[in-house]
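Accompanying notes for the structure given below.
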Amino acid sequence: AQSVTQLGSHVSVSEGALVLLRCNYSSSVPPYLFWYVQYPNQGLQLLLKYTSAATLVKGINGFEAEFKKSETSFHLTKPSAHMSDAAEYFCAVSESGGSYIPTFGRGTSLIVHP
Amino acid sequence: DAGVIQSPRHEVTEMGQEVTLRCKPISGHDYLFWYRQTMMRGLELLIYFNNNVPIDDSGMPEDRFSAKMPNASFSTLKIQPSEPRDSAVYFCASSLRFLGNSPLHFGNGTRLTVT
């Protein structure tokens, strides 16, 4: 069975500071991993995905995530936060060879202070 | 492409009334998903379809909820009768040839308020 844990329901950073959003997963087979972003009053949008190619994945808006099998982690980072990054971020996992239906984490709200 | 289109964006209704939410997936996508989002429970998968056929409805909370997909370009989620605890944001999402590594494309959701 697959599961996702996002550590911290809220993360607060200053504009220009490093953004780090944590995601740990559980999967009995090699996973596919995703980060989605949700802006207020909108649906979720794909930020980036890991599909067993490079372990460091680059996404839109300067975000990237690193797949670490030994730590079962897929943390999302951005070197310098911008006010427009304030949103809800969701990590999701689906199992290759399984039902493929993704399991979503509870989400982390990113707050950016001027 | 216009993306996944949901209507209405907002729905306010009284307890006991029937509510119908609508979704038009992205053309050519084989899979369609209905999710519900609340502060308490996060994002919950209610039901999903493959080629217009319901595959798994185990997430549908109770018999008051029903979903249909009469053709590849239209799906509905119906609640009858509605209750205040159904208040949530309901999302529709579609995916192309879902093989686990295909992302979901979400609509902007319908915010349902049942008074």
Side-chain angles (χ1 to χ4, degrees), chain A residues 1-10 23 25 27-54 57 59-60 63 65 67 74 87-109, chain B residues 1-11 21 23-26 29-50 54-59 88-113:
Chain A
Q2 59 195 29
S3 66
V4 174
T5 302
Q6 290 185 242
L7 298 177
S9 59
H10 294 83
C23 172
Y25 69 91
S27 175
S28 55
V29 297
Y32 297 122
L33 295 160
F34 306 82
W35 276 100
Y36 289 83
V37 59
Q38 183 182 28
Y39 298 105
N41 300 314
Q42 294 186 25
L44 281 69
Q45 305 170 35
L46 181 69
L47 260 183
L48 49 81
K49 67 177 182 180
Y50 166 77
T51 57
S52 77
V57 182
I60 61 172
F63 283 93
F67 172 68
F74 191 57
E88 190 87 10
Y89 292 80
F90 293 87
C91 183
V93 61
S94 67
E95 291 185 334
S96 58
S99 70
Y100 303 129
I101 304 305
T103 297
F104 285 85
R106 290 300 304 271
T108 298
S109 178
Chain B
D1 198 317
V4 175
I5 300 173
Q6 291 187 247
S7 63
R9 286 300 309 273
H10 302 273
E11 178 78 45
L21 311 181
C23 174
K24 176 179 169 56
I26 293 173
H29 279 193
D30 301 303
Y31 284 79
L32 184 139
F33 304 81
W34 281 101
Y35 284 88
R36 177 171 69 175
Q37 185 178 40
T38 61
M39 290 291 291
M40 291 291 291
R41 302 173 70 91
L43 202 60
E44 303 174 271
L45 176 63
L46 301 178
I47 184 172
Y48 77 94
F49 296 81
N50 176 217
I55 303 300
D56 185 352
D57 65 355
S58 60
V89 181
Y90 291 81
F91 288 102
C92 176
S94 68
S95 183
L96 176 64
R97 297 192 192 91
F98 195 74
L99 296 176
N101 60 354
S102 302
L104 271 60
H105 298 260
F106 285 79
N108 283 329
T110 295
R111 182 175 296 276
L112 173 65
T113 303

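As a basis for the values below, the full set of heavy atoms in this structure was taken, side chains included, without hydrogen atoms, waters or symmetry mates. Each chain gets a letter, A, B and so on, in the order the sequences are listed, and its residues count up from 1. Model, not experiment: these values are computed from the prediction.
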Polar side-chain atom of Y48(B) near backbone of I101(A) as donor-acceptor pair, under 3.5 Å: no
Review item, side-chain donor-acceptor pairs of residues 36-45 of chain B, under 3.5 Å, at least two apart:
unit_1	atom_1	unit_2	atom_2	d
R36(B)	NE	E44(B)	OE1	3.1
R36(B)	NH2	E44(B)	OE1	3.3
Q37(B)	OE1	Q38(A)	NE2	3.1
Q37(B)	NE2	Q38(A)	OE1	3.0
T38(B)	OG1	R41(B)	N	3.0
R41(B)	NE	E44(B)	OE2	2.8
R41(B)	NH2	E44(B)	OE2	3.3

Would you tabulate the side-chain donor-acceptor contacts of residues 40-48 of chain A under 3.5 Å, counting partners in other chains and residues two or more places apart, or write 'none'?
unit_1	atom_1	unit_2	atom_2	d
Q42(A)	OE1	Q45(A)	NE2	3.0

L104(B) and F34(A), any side-chain heavy atoms less than 4.5 Å apart: no
Spacing of CZ belonging to F104(A) relative to OH belonging to Y35(B), to within rounding of 0.5 Å: 4.5 Å
Contact origin within F90(A) toward chain B - heavy atom pairs under 4.5 Å: side chain
